[in-house]
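Note that these values count all heavy atoms, side chains included, but never hydrogens, waters or copies made by symmetry. Starting from 1, each residue takes its place in the sequence as its number.
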Amino acid sequence: MSAPHVIVGLSGGVDSAVAAWRLKEQGYRVSALFMQNWTEDEQAYCTAAEDFQSARAVADELGIPLHRVDFAAEYRERVFRHFLDAYRAGRTPNPDLLCNREVKFQPFREHALRLGADFVATGHYAQLSIDADGLPVLRRSVTEDKDQTYFLALVARSQFERVLFPIGDLTKPQVRDLARQAGLPNHRRKDSTGICFIGERPFREFLQRYLSSNPGPMVDDQGAHVGEHQGLMFYTLGQRRGLHIGGRRGAREAPWYVADKRAGDNTLVVTQDPQHPLLMTHEIATGPFSWVGAPAPVGQALTARIRHRQSLQSCTIVDVRDDGALRVRFDAPQRAATPGQYLVLYDHERCLGGGEITSATRPPVA
């Protein structure tokens, strides 16, 4: 009987490279699949070409076949359109969650299975187990600072079937060490950052190619005019860089932060208080929630994140609407809960799912 065939999503980074190496060491028959999901600006921002060359070098070193597939149309339709619509509406989207649901765990997984894979694998820092009913359970990785279940929270439970996360039980330093010991050519390659598949680039310049900016007034938390903003879409709650506010008479020598985005009068509100009441919330409302498995009941003690790498925060579901939207109350006020970002719920190490933040309620004034 031949060994099970696993197709690994090989991105060119060290994480997916070690995932492929580890599976081969475990006796699987391994192939690799490189996804091309963005086709513009290849001359100015050629990360996709560099990524593919890195993936090909890893595949050659491991002696495994490398397939290449173009999902640019799916990415533009299912992820990038929502990304632009959110900015038009004044929200701050996180496309990485949609990218996993709409590209990496739909067309990619289906394409790999059509190529004859028994399993599909990625280099995510996450873990999967099987419950008593034989269904997959999404669990946090062993390392909190790299755990990527936040980005996987919108993926349907059925899409985790026949999926492997080979490095979910490793830390990043362990992954680097294994890559070096295995002689993988990308063991020193820098981790990628930036928008999913679009990569690192001047963000304001990039966004202006697709959306018209609308400059307007910038005021402090007392209503005093302190400058002009370049367009509300370029700012997010809690942001402290790029405000370009000079020294002001009567103001402290301290950073400024975005405290509010008033779409009604196109005004950006800033403050020098990083814990200003405008930035704090004790309740968050979401849109329809995507559960990975059975929904948690109202009143159950849970934990949550409202951004990647945030420490887990104690909370409770206090209401579920007919459309599946949630209202969640936190034990401690949360800073800069941003519409368009995602709230992800956990029950101990199990990731329960995620929902887009639609609004936040400020704590009562003492």
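Applying the salt bridge (Lys or Arg N to Asp or Glu O under 4.0 Å) definition to pairs two or more places apart or across chains, those involving residues 271-290 are Glu283-Arg327, Glu283-Arg329.
Aromatic rings of Tyr87 and Tyr210 (six-membered ring for Trp) have centroids beyond the 6.0 Å cut-off, not under it. Here Phe151 and His308 bring their ring centres to under 6.0 angstrom of each other.
No side-chain donor-acceptor contact under 3.5 Å links Gln159 and Gln106. Side-chain atoms of Thr361 and His282 form no donor-acceptor pair, as typed in the model, at a separation below 3.5 Å.
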(request) Output, in order, the C-alpha distance, side-chain angles, deciding distance and verdict of side chain to side chain donor-acceptor pair (under 3.5 Å) for Thr149 and Tyr125. (result) CA-CA 7 Å; Thr149 53; Tyr125 287 87; over 6 Å; no
(request) Walk me through it: do Tyr257 and Val269 pass the test side-chain contact (heavy atoms from CB on, under 4.5 Å)? (result) CA-CA 9 Å; Tyr257 302 87; Val269 181; over 6 Å; no
(request) Carefully, step by step, assess Phe108 and Val69 under the rule side-chain contact (heavy atoms from CB on, under 4.5 Å). (result) CA-CA 9 Å; Phe108 161 70; Val69 63; 5.7 Å; no
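In this structure, Arg307 fails the cation-pi test against Tyr150, since its NZ or CZ atom is not both closer than 6.0 Å to the six-membered ring centre and inside 45 degrees of the ring normal.
Evaluation of the salt bridge (charged side-chain N to carboxylate O under 4.0 Å, His left out) rule for Arg157 yields Asp131 as partners, not counting sequence neighbours.
Checked for salt-bridge contact, Arg56 and Asp51 miss the test: no charged N lies under 4.0 Å from a carboxylate O. Salt-bridge formation is detected for the pair Lys172/Asp15: a Lys NZ or Arg NE/NH1/NH2 atom is positioned less than 4.0 Å from an Asp or Glu carboxylate oxygen.
Under the 4.5 Å side-chain contact rule for hydrophobic residues, Leu343 and Leu326 share a cluster.
No more than 12 heavy atoms of other residues, nucleotides or ligands sit less than 6.0 Å from atom CZ of Arg81.
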